[in-house]
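This report concerns only the one structure given below.
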Amino acid sequence: MTTPGIRAGEEAEDLDVEEALALVNEYPGPPQGRHDHAPTPPSTTPHGHRGAPPRPAEPRHRSTPWPQARETAGRAARAAVRGARRTPLSVPLEAALGLTLAVPLPALTDLPSFDTSAMDGWAVAGPGPWTVRDEGVLAGHAEPARLTDGEAARIATGARIPLDTTAVLRTEHGRTDGKDRLHATRGVVHGQDIRPRGQECRSGDQLLPVGTLVTPAVLGLAAAAGYDTLTVIPRPRVDVLVLGDELLTEGLPHDGLVRDALGPMLPPWLRALGAEVRAVRRIGDDAEALHRAVTSSDADLIVTTGGTAAGPVDHVHPTLHRTGAELLVDGVEVRPGHPMLLARLKDDQHLVGLPGNPLAAVSGLLTLAEPLLRTLAARPAPEPYTMPLRDAVHGHPYDTRLVPVVLRGEAAVPLRYNGPAMLRGVAAADALAVVPPGGAGPDQETELLDLPWATGGIGVCFT
């Protein structure tokens, strides 16, 4: 999208909110329902004087609305899944965390597989008082001897119940006298504190359906039900290409060079989204090297950083054109992150081009990479939710804004340092607020996008 007052090829990312509002006040804005172009300003000479002959019209570029861009990424992934017919994998339990079940999970045994004690205490038979026999019953031991009426045996939690046991008397609910006789200090109910065989499930019962995300609790259930391996959807394979000659990998910025923030940040974030990051390659501003890297990759998704605009060293668009890729999304109506893109390289291979500014790259990650990777990994979509904003947030005149927030009680608190080149805000954030065009006032319900480390559970697993 070209905004009035921004030179062709220049990223409008650095336009702050106040400048944007001033521009939209100066110009009438796009037609109702169309937010992909600003109106064409009056023709000017190269020095800005009116009255010069009009320049030839440049091809109009249509950015994609933010919700539609996310839907497009999901559809692209579904088409890739259908085309590739990705083969499920059988992996050991310890390797399955964060993956998705490719088949239902039936129980391989009854749970519990025998009657067990739910408490430490005594297994008792018949009415009391009971004579306590010498041998106790411990978990993991062979089947104990049968009890007779009037007899009790010390028993540990999880131990197998002796045959003909009436109930388990908890340690705190019984006392023994000097003749080693056991007396109950409260009433005994038949079957109390006994977990009967098959109480949780019977062998063959479906425990979990296809599409279940493997969490730590799922691993525990699978192990209890007799599994050593799980059949899962493989992680989508991702190659990351970091572009830009100005990037340092260590030390302090100097002489026009800056530290690369995306190289360290993207791989763990992509892993948290369910990906297997195979390589992080630094390409620099080298068109041929970028072309070789793209055409030689067999990853399901290639993620590039920077080079998505139209500057002299922005090589992503020419590379995609050269390879015959199909541009599915070329610019999104979102700030920061407007010049992001999504391309189909092959039926089962895509490229997400992230802007080079760090927060803009985060925006692109959550807009395009997240729905694509989630769909490839067959992960369930998070339930959308809203919270009221504690403070007002300025909006872009006609683009969505993604603003870092922290969650405090029943409100989302917008954070400062939310410019496209800044990570200070998102580093402290729990979520990004989806601010509609025009902004949002205090107490206005606003959609939130959780950040992986703020969701708990599986979301914090970055490896």
Side-chain angles (χ1 to χ4, degrees), residues 92-94 96-98 101 105-209 212-228 230 409-410 454-461:
L93 291 185
E94 60 269 20
L97 184 66
L101 293 182
L105 191 74
L108 301 180
T109 182
D110 296 344
L111 285 181
S113 54
F114 45 81
D115 295 346
T116 63
S117 176
M119 292 288 171
D120 293 334
W122 296 269
V124 299
W130 303 271
T131 301
V132 181
R133 69 188 186 193
D134 293 336
E135 299 83 15
V137 184
L138 300 177
H141 287 222
E143 184 174 0
R146 180 190 302 263
L147 289 178
T148 60
D149 279 356
E151 190 177 25
R154 273 281 184 185
I155 194 166
T157 301
R160 176 177 288 201
I161 294 291
L163 290 176
D164 294 337
T165 295
T166 301
V168 170
L169 182 66
R170 299 185 186 189
T171 300
E172 61 270 27
H173 296 163
R175 64 175 179 82
T176 55
D177 58 24
K179 297 180 180 179
D180 209 20
R181 299 273 290 173
L182 173 66
H183 302 265
T185 58
R186 63 173 60 186
V188 177
V189 178
H190 192 281
Q192 74 181 27
D193 289 325
I194 294 175
R195 294 185 62 216
R197 176 175 182 165
Q199 181 185 51
E200 185 171 3
C201 66
R202 289 292 184 180
S203 180
D205 286 352
Q206 181 175 307
L207 302 176
L208 296 168
T212 299
L213 181 66
V214 179
T215 63
V218 169
L219 293 177
L221 176 61
Y227 284 87
D228 300 317
L230 291 175
E410 298 300 317
T455 56
I458 193 62
V460 300
C461 300

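Between V188 and H173, the closest side-chain pair of non-hydrogen atoms is not below 4.5 Å. With a 4.5 Å cut-off on side-chain heavy atoms, P129 and L182 do not count as touching.
Within the model, atoms CZ of R186 and CD of Q192 stand 9.0 Å from one another, a figure rounded to the nearest 0.5 Å. Atom CH2 of W122 is separated from atom OG1 of T171 by 5.0 Å, given to the nearest 0.5 angstrom. One finds the CD atom of E94 at 9.5 Å from the CG atom of D228 (value rounded to the nearest 0.5 Å). The CG atom of L169 sits 9.5 Å away from the CZ atom of R154 when rounded to the nearest 0.5 Å. Taken from CD1 in I161 to OG1 in T166, the straight-line distance is 10.5 Å, to the nearest 0.5 Å.
A donor atom on one side chain and an acceptor atom on the other are not found under 3.5 Å apart for T116 and R160.
Contact detail for V214 and L97: the closest heavy-atom pair is O-CD1, 3.5 Å. D177 and H183 make their closest contact through OD2-NE2, 2.8 Å (heavy atoms, listed as atom of the first residue, atom of the second, distance). Nearest heavy atoms, A145 versus R133: O-NH2, 2.9 Å. Taking each heavy atom of P162 and A123 in turn, the nearest pair found is CD-CB, 4.0 Å. Between M119 and V168, the shortest heavy-atom contact is O-CG1, 4.1 Å. Here the shortest heavy-atom pairing between L147 and A153 reads CD2-CB, 4.1 Å.
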> For L230 and L105, what are the C-alpha separation, side-chain angles and deciding distance, and is it a side chain to side chain contact (heavy atoms under 4.5 Å, CB included)?
Replying inline: CA-CA 8 Å; L230 291 175; L105 191 74; 3.5 Å; yes

>> side chain to side chain donor-acceptor pair (under 3.5 Å) for R195 and S117? Distances and angles first, verdict last.
In response: CA-CA 6 Å; R195 294 185 62 216; S117 176; over 6 Å; no

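Residue pairs satisfying the salt bridge (charged side-chain N to carboxylate O under 4.0 Å, His left out) criterion with at least one member in residues 163-174, sequence neighbours excluded, are listed as follows: R146-D164, R170-D193.
Judged purely by atom type and a 3.5 angstrom limit, T165 has no side-chain atom pairing as donor or acceptor with the backbone of A167.
With sequence neighbours excluded, no residue satisfies salt bridge (charged side-chain N to carboxylate O under 4.0 Å, His left out) with E200. In terms of the salt bridge (charged side-chain N to carboxylate O under 4.0 Å, His left out) criterion, residue partners of R197 (sequence neighbours excluded) are, by chain and number, D110.
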